[in-house]
Amino acid sequence: MPPPRLVVGAVLVDRLDRPARVLAARRTRPPELAGRWELPGGQVEAGETPEDALHRELAEELGVTVRLGAELVSGHGPTWPLTPGLVLRAWWCELVEGVPVAGEAHDAVCWSTAADVADLAWLEPDRPLVERVVAALAAGAPVDGGTTREGAGTLDA
Ligand SMILES: Nc1nc2c([nH]c(=O)n2[C@H]2C[C@H](O)[C@@H](COP(=O)(O)OP(=O)(O)OP(=O)(O)O)O2)c(=O)[nH]1
């Protein structure tokens, strides 16, 4: 069986040192996933590191540049299962440049707090991850600790 394909997702928060709000994005496609909320991101392409893929997806989808913080790891390691053929890795991050705007992949973005993020209609596989995000936002503990990448530029939405 081929290894699962890797999807990367951004847990984009207002600030890495004291996160209080996280950004969710509402998918436009495919029809069976349209209308559900997700972490912005997408599939890692051949020859890309996961981190590079995340920067690329955020520039393409939301027109923003970010600073990566810590990786959000599950109780079983870095990957979160999505479907039998797909796993997710996710990083906390904060904005360096740009204001997130929905592009083609999404028809809405919203900033939510620990009190309301779980009320969104998330893609089902994201639920365990969202629980962890809620707990971290409620605690407000720092989620920094990653690498910085500047100069990726911004896109028009
Ligand atoms: N980006 C993202 N995808 C997720 C999440 N949860 C989840 O089950 N998925 C699934 C939905 C998709 O089947 C797959 C990601 O594929 P995608 O369509 O977003 O990837 P992509 O941007 O590279 O694809 P494309 O534009 O080339 O069509 O992972 C999530 O939180 N974020």
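Basis for what follows: all heavy atoms, side chains included, without hydrogens, waters or symmetry-related copies. For ligands, and for the atoms within them, numbers begin at 1 and follow the listed sequence.
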Within a strict 4.5 Å, meaning less than it, do heavy atoms of the Val22 and Val11 side chains meet?
yes
Output the list of atoms in ligand 1 that are nearer than 4.0 Å to some heavy atom of Asp126, sorted by atom number.
5 (C), 6 (N), 7 (C), 8 (O), 30 (C), 31 (O)
Contacting atoms of ligand 1, where contact means under 4.0 angstrom from a heavy atom of Leu86
13 (O), 14 (C), 29 (O)
Looking only at protein heavy atoms, what sits closest to atom 12 (C) of ligand 1 is Arg27 NH1, 3.9 Å
Where ligand 1 meets Arg29 - atom numbers and elements under 4.0 angstrom, heavy-atom basis:
26 (O)
In terms of residue, atom name and distance, what is the protein heavy atom nearest to atom 16 (O) of ligand 1?
Gln43 NE2, 3.7 Å
Test item: Asp126 and Leu82 side chains (from C-beta on) under 4.5 Å apart, heavy atoms:
yes
Would you tell me which option among Val130, Val8, Leu33, Leu82 has the nearest heavy-atom contact to atom 8 (O) of ligand 1?
Leu82
Atom 27 (O) of ligand 1: any protein heavy atom closer than 4.0 Å
no
Is it the case that the side chain of Arg127 and the backbone of Ala118 share a donor-acceptor pair, with hydrogens and angles ignored and the cut-off at 3.5 Å?
yes
Taking the side chain as every heavy atom from C-beta outward, state whether Leu120 and Val130 have any pair of such atoms under 4.5 Å apart.
no
Among Glu32, Glu57, Arg127, Glu60, the residue with a heavy atom nearest to atom 22 (O) of ligand 1 is Glu57
Does ligand 1 have an atom under 4.0 Å from some heavy atom of Ala105?
no
Does the protein place any heavy atom closer than 4.0 Å to atom 24 (O) of ligand 1?
no
So does Leu72 get a backbone contact from the side chain of Trp80, meaning a donor-acceptor N/O pair under 3.5 Å?
yes
Counting N and O atoms only, with roles assigned by atom type, does the side chain of Thr28 sit under 3.5 Å from a partner on the main chain of Ala34, one being a donor and the other an acceptor?
no
Is the shortest distance from a Lys or Arg side-chain nitrogen in Glu94 or Arg15 to a carboxylate oxygen in the other one below 4.0 Å?
no
In the structure I gave you, are the side-chain heavy atoms of Glu60 and Glu104 within less than 4.5 Å of one another anywhere?
no
Looking only at protein heavy atoms, identify the closest one to atom 2 (C) of ligand 1 and say how far it is in Å.
Glu38 OE1, 3.0 Å
Nearest non-hydrogen contact to atom 7 (C) of ligand 1 from the set Leu39, Leu123, Leu54 belongs to Leu123
